[in-house]
Amino acid sequence: MFTIAAFYRFVALLDPAALREQLRNIFIPTDLCGTLLIAPEGINGTLAGSSQTIDRLLNLLAEHTGLTREEVKFAEAPDRPFGRLKFLLRKEIIPFRNAVVDPTHPGTYVEPKNWNALIADPEVLVLDTRNRYETELGTFAGAVDPGIETFSDFVTYVREHLDPTTTPKVAMYCTGGIRCEKASAFMLQEGFTEVHHLKGGILKYLEDVPAQESKWQGSCFVFDRRTSVGHADFPADFEGE
């Protein structure tokens with residue numbers, strides 16, 4: 001059984017290359033697989049391995065980036081979900097090319113247990129920030145799908161279709177939460193006064209909210225061999241490592 005850990009953290013890294021080299025030296029000989037992006041603005045990854053390997057990885061990242069276990073979305077897979085292990089240096093951990101955004105000033109986090117009540121408010125615009133091929137597999141009831149092909153297209157969609165004077169309340173979501181960090185910060189910069197986003201994204205919602213209480217419809221696209229996941233992929237007694 002493989003433990004899968006999905007996480008990100010915006011934090012200033014003075015020497016991303018040195019962190020990459022340390023990670024390569026320690027984990028290439030192990031059973032760890034998946035991809036970790038490392039940039040001056042932080043880390044973003046989904047990796048899998050034995051519970052012991054994942055524990056060792058998260059301890060090292062906690063030391064160097066401040067990543068906490070509460071920030072990690074855990075899941076399990078009976079088969080190896082990734083073919084290779086990659087530690088990649090990038091300029092950004094999530095590209096957002098059409099606007100300059102400070103992700104350290106995002107919108108208001110909403111815990112998964114409070115999400116259903118928020119999106120039930122008729123005055124709230126529920127906004128999916130994912131790409132079209134992801135939204136086709138699943139979504140929250142009543143959510144607006146912007147129909148974008150890439151995340152950078154979100155800027156154009158907001159500027160052309162939404163008005164902060166008539167859309168005062170926004171509740172947005174994405175797969176694991178990282179896109180909403182930048183998307184919510186961008187909308188605040190554009191003058192939207194009340195921007196909420198699902199903490200931990202859809203994955204954390206599927207993990208924390210019982211299926212019988214869920215407002216999620218369909219499955220959630222993920223970037224590994226599983227292709228998509230649902231509530232059944234997060235057993236009620238599974239709490240990660």
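What's counted below: heavy atoms across the whole structure, side chains too, no hydrogens, waters or symmetry copies.
- Residues V155 and V158 are members of one and the same hydrophobic cluster, defined by side-chain heavy-atom contacts under 4.5 angstrom among Ile, Leu, Val, Met, Phe, Trp and Tyr.
- Listed for the R80 side chain is a donor-acceptor partner under 3.5 Å among the backbone atoms of F82.
- Scanning both residues, L85 and L32, for their nearest heavy atoms gives CB-O, 3.5 Å.
- There is a side-chain donor-acceptor pair under 3.5 Å between D153 and T150.
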Check against side-chain contact (heavy atoms from CB on, under 4.5 Å), K73 and L206: CA-CA 10 Å; K73 278 76 69 179; L206 294 175; over 6 Å; no
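- Side-chain polar atoms of R20 and N25 form no donor-acceptor pair below 3.5 angstrom.
- Using a 4.5 Å cut-off on side-chain heavy atoms (C-beta onward), F192 and L162 make contact.
- The closest donor-acceptor contact from the side chain of E21 to the backbone of A18 lies at 3.5 Å or more, if one exists at all.
- Between Y205 and L198 there is a side-chain heavy-atom pair separated by less than 4.5 Å.
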Pair R9-E71, salt bridge (charged side-chain N to carboxylate O under 4.0 Å, His left out): steps then yes or no: CA-CA 8 Å; R9 195 166 206 274; E71 297 174 277; 3.2 Å; yes
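- Taking each heavy atom of T30 and R56 in turn, the nearest pair found is CG2-NH1, 4.3 Å.
- Within a 6.0 Å radius of CZ in R159, other residues, nucleotides and ligands contribute more than 12 heavy atoms.
- Looking at H197, its side chain never comes within 3.5 Å of a backbone N or O of V110 through a donor-acceptor pair.
- With a 4.5 Å cut-off on side-chain heavy atoms, M172 and H196 do not count as touching.
- Side chain of N116 to backbone of E213: a donor-acceptor contact under 3.5 angstrom is found.
- The shortest heavy-atom contact between P112 and K204 is CG-CG, 3.8 Å.
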Worked verdict on I43 versus F7 for side-chain contact (heavy atoms from CB on, under 4.5 Å): CA-CA 8 Å; I43 56 172; F7 54 84; 4.0 Å; yes
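- Taking the side chain as every heavy atom from C-beta outward, E190 and P164 never approach each other to under 4.5 Å.
- You'll find the side chain of V11 reaches within 4.5 Å of the side chain of L13, heavy atoms only.
- Atoms CE and OG1, from M187 and T193 in turn, are 10.0 Å apart once rounded to the nearest 0.5 Å.
- Linking Ile, Leu, Val, Met, Phe, Trp and Tyr whenever their side-chain heavy atoms come within less than 4.5 Å leaves L188 and L118 in two separate clusters.
- Using a distance-only test at 3.5 Å, with no hydrogens or angles considered, no donor-acceptor pair links the side chain of T53 to the main chain of G49.
- When atom types are taken as modelled, the side chain of T166 and the backbone of D163 share a donor-acceptor pair closer than 3.5 angstrom.
- No continuous path of ILVMFWY side-chain contacts below 4.5 Å connects L37 to I4, so the two sit in separate hydrophobic clusters.
- Note: Y173 and W216 have perpendicular aromatic rings, judged against thresholds of 30 and 60 degrees for the angle between ring planes.
- Side-chain polar atoms of Y8 and E181 form a donor-acceptor pair below 3.5 angstrom.
- Of all the heavy atoms in I119 and A171, the pair that sits closest is CG2-CB, 4.5 Å.
- For H161, the NE2 atom is densely surrounded, since the number of other residues' heavy atoms within 6.0 Å is greater than 12.
- In this structure, Q189 contributes its side chain and A99 its backbone to no donor-acceptor pair below 3.5 Å.
- Side chain of N131 to main chain of F151: a donor-acceptor pair is present (N/O by atom type, distance under 3.5 Å, no hydrogens or angles).
- Taking 4.5 Å as the limit, every side-chain heavy atom of T3 sits out of range of all side-chain heavy atoms of D55.
- Side-chain contact, T135 with D145: a donor N or O sits under 3.5 Å from an acceptor N or O.
- R130 approaches C174 most closely through the heavy-atom pair CG-CA, 3.8 Å.
- Rounded to the nearest 0.5 Å, atoms CD1 (I93) and CD1 (I38) are 11.0 Å apart.
- A donor-acceptor contact shorter than 3.5 Å is absent between the side chain of R97 and the backbone of S152.
- One hydrophobic cluster, built from ILVMFWY side chains closer than 4.5 Å, cannot hold both V195 and F140; they sit in different ones.
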F154 vs L127, side-chain contact (heavy atoms from CB on, under 4.5 Å): CA-CA, chis, key distance, verdict: CA-CA 11 Å; F154 182 79; L127 186 58; 3.7 Å; yes
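- Between V170 and V124, the closest side-chain pair of non-hydrogen atoms is not below 4.5 Å.
- Linking Ile, Leu, Val, Met, Phe, Trp and Tyr residues whenever their side-chain heavy atoms come within less than 4.5 Å leaves I26 and L88 in two separate clusters.
- Using a 30° and 60° split on the angle between ring planes, F87 and F27 fall in the tilted class, from 30° to 60°.
- For the atom pair CD1 (I28) and CG (L23), the distance works out to 9.5 Å, reported to the nearest 0.5 Å.
- Side chain of S184 to main chain of G107: a donor-acceptor pair is present (N/O by atom type, distance under 3.5 Å, no hydrogens or angles).
- Side-chain atoms of Y157 and V144, non-hydrogen and from C-beta on, do get closer than 4.5 Å to each other.
- No more than 12 heavy atoms of other residues, nucleotides or ligands lie within 6.0 Å of CG in L14, so this atom counts as exposed by the packing criterion.
- Within the model, atoms CG of L36 and CZ of R90 stand 11.0 Å from one another, a figure rounded to the nearest 0.5 Å.
- For the pair K169 and D121, the tightest heavy-atom approach, listed with the atom from each and the gap, is NZ-OD2, 3.8 Å.
- Annotation: the span from N44 atom CG to T35 atom OG1 amounts to 10.0 Å, rounded to 0.5 Å.
- For the atom pair CG (D79) and CE (M1), the distance works out to 9.0 Å, reported to the nearest 0.5 Å.
- Of the N and O atoms on the side chains of N114 and Y109, not one donor lies less than 3.5 Å from an acceptor on the other residue.
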Verdict with reasoning, K182 to E41, per side-chain contact (heavy atoms from CB on, under 4.5 Å): CA-CA 12 Å; K182 286 193 171 180; E41 69 177 7; 3.3 Å; yes
